[in-house]
2 protein chains.
Amino acid sequence: MNGENNFFKSAFSVDNVIFGFDEGDLKVLLIKRGNEPYKGLWALPGDLVYPNEDLDTAAYRVLEELTGIKNVYLEQVHTFGAVDRHPLGRVITIAYYSLVKISDFTPKAASFAQNVEWHIVDTAIKSKLAFDHNIILQTCFNALTHRVRIRPVGFELLPPKFTLTELQHLYESLLREELDKRNFRKKILSMSLLIDLNELQEGVPHRPAKLYQFNKERYQQLEAQGFSFEVKESKKKEKKQRLAALILQ
Amino acid sequence: MNGENNFFKSAFSVDNVIFGFDEGDLKVLLIKRGNEPYKGLWALPGDLVYPNEDLDTAAYRVLEELTGIKNVYLEQVHTFGAVDRHPLGRVITIAYYSLVKISDFTPKAASFAQNVEWHIVDTAIKSKLAFDHNIILQTCFNALTHRVRIRPVGFELLPPKFTLTELQHLYESLLREELDKRNFRKKILSMSLLIDLNELQEGVPHRPAKLYQFNKERYQQLEAQGFSFEVKESKKKEKKQRLAALILQ
DNA sequence: CGAGGTTAGCGTAGTTCTTACACCTAATTT
DNA sequence: AAATTAGGTGTAAGAACTACGCTAACCTCG
């Protein structure tokens, strides 16, 4: 059974987990499948990789076909290759994740989809998705919550001009923990990764906040020097856990 | 050109980056290729994935065929799929890395290899390897140095009974930075992840050290509670860098 | 136009964590 | 018994983290 040719009866695809942030909720872009298998179920946008196409290129293509946007943060997370994950043959899939600003574009249904919609991540993970997409979504979500502590990926999810409170809310929803306003501001500002635009919010029914911009150049400088970005306030919890573990002894 | 069948004229392989630790050096297991392409060059051990075989299974199979060992730490890192990475066709490869104790076994050359040897990582990265294995090795090495800060992967590289100094040397070589003996011991012991065996080293020409064992159960407990393992002493450097960056402004 | 409502923005003190640092001890070798 | 080698231990200064509450600025509605 292991003639060389058998090895070449397989295919690979990319699947994109596209996260967006909107009105305080972390969302993911899903398509409703228009074809069998899993017709009518929600799925991650993905496609087979063309024979002469690099993996990253394929991932960008899928994202662009679906949303019309380019030049976004896109990163490989994990490859899923269970033998029976695709009902029509041996297809392994390389999962990417991406972070976009929901306000930047309106996704349009591609040929292979009936419908495209933003879904709240928590809900989507719990509902039944096509293929093994529940696991893929969960894995990418874990990767996101982990990486957000290391790199300022969060800035990708906000409009170019944002307020500190918006930034804090974003982090709170990514980290799933409440942050102290003053400590958060102190920490973020001390990194000098934000540019104060000397502009104010407009049209809000309260005191308007200052607008900031992410300083990408500065970040790249720091990154090159091994700088590690960290936003968290969970030391206390860890300590409690450690203590609990000691008592368990 | 995009008939469905074209998509299935591709194959995938796994490649293992097997790290070992020995006499103060971090090493990687390489094979000398016995067949074309790249005959005679050193390469990472890997193989095509069987049509009815899961990816992880394939990685474990390659490791076992080559070294005879099972039950080791093995983890997927990244998938490489440049169109021209394999001269004979479209083959993407899923890279895994693994950590083993060099003393535990003697690798034996498999059918597809002339020779199997441990190479010092620094040297191997610089020399010319088969395929895109230089990039794969570099990527896995980066992943290792990153993950070693988060999980106690280092323990996998030591014999079951080890001294604190051995553990410290291991971390120093993984992190590429010198650690303070007293601070290192304080930190490691405060995690209560080690079991004091109440045994002493034997046959050493100096005061013998206590032997310890890694407490795997405790670690799994802590991990389940979201405990994060960290061994580093580089805050000072970061601070200097941050300062330098501010001055650059 | 004034009162009430809403979010912005700011500083400090207590605590914990991190770092730097030096000497004596226990075993072996000569 | 003297020399060699690595093992093992504590403390003090500085940095980072956490908790916490009030005034300021703007809008809206009556």
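In what follows, chains are A, B, ... by sequence order, proteins preceding strands, each numbered from 1.
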Original post:
Would you say the side chain of K186(B) and the base of dT11(D) hold a donor-acceptor pair, judged only by whether the two atoms sit under 3.5 Å apart?
Top reply: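 Flag set: donor-acceptor pair detected.
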Subject >> Donor/acceptor link under 3.5 angstrom from R182(A) side chain onto base of dC20(D) >> reply: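 Present.
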Subject >> K210(B) side-chain N/O to dG8(D) phosphate OP1/OP2 under 4.0 Å >> reply: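 Result: no.
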Subject >> T165(B) side chain near dA6(D) phosphate (N/O to OP1/OP2, under 4.0 Å) >> reply: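 For T165(B), the contact criterion (side-chain N or O under 4.0 Å from OP1 or OP2 of dA6(D)) is not met.
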Between [X] ([atom1]) and [N] ([atom2]), how many Å, whole number?
| X | N | atom1 | atom2 | answer |
| --- | --- | --- | --- | --- |
| L164(B) | dA6(D) | CG | C1' | 13 Å |
| E178(A) | dA19(D) | CD | C1' | 14 Å |
| L179(A) | dA19(D) | CG | P | 11 Å |
| L189(A) | dG11(C) | CG | P | 12 Å |
| N198(A) | dG9(C) | CG | P | 12 Å |
| D180(B) | dG8(D) | CG | C1' | 13 Å |
| R185(A) | dC20(D) | CZ | C1' | 15 Å |

When you compare the protein's N or O atoms with those of nucleotides 26-30 of chain C, which come within less than 3.5 Å of each other, and at what distance?
residue: dA26(C); atom: O4'; partner: R207(B); partner atom: NE; Å: 3.4

Original post:
Is the closest side-chain heavy-atom distance between F141(B) and T145(B) below 4.5 Å?
Top reply: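 They are in side-chain contact.
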Original post:
Does some side-chain heavy atom of Q213(A) sit less than 4.5 Å from a side-chain heavy atom of E199(A)?
Top reply: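 No, every pair of side-chain atoms sits at 4.5 Å or beyond.
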Original post:
Under 30°, 30 to 60°, or over 60°: which ring-plane class applies to F162(A) and F155(A), parallel, tilted or perpendicular?
Top reply: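 Tilted.
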**OP:** Hey, can you tell me if Y97(A) and F19(A) have their rings parallel, tilted or perpendicular (30° and 60° cut-offs)?
**Re:**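 Taking F19(A) first and then Y97(A), their aromatic rings stand perpendicular (interplane angle over 60°).
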Subject >> Contacts of N134(A) that satisfy side chain to side chain donor-acceptor pair (under 3.5 Å) - sequence neighbours left out >> reply: none
**OP:** Pick base, sugar-phosphate or nothing for K181(B), based on heavy-atom distances below 4.0 Å to the nucleic acid.
**Re:** base
**OP:** State whether the number of non-hydrogen atoms from other residues, nucleotides or ligands found under 6.0 Å of K126(B) atom NZ is greater than 12.
**Re:** no
**OP:** Kindly check if the number of other-residue, nucleotide or ligand heavy atoms within 6.0 Å of CD1 (I135(A)) is above 12?
**Re:** no
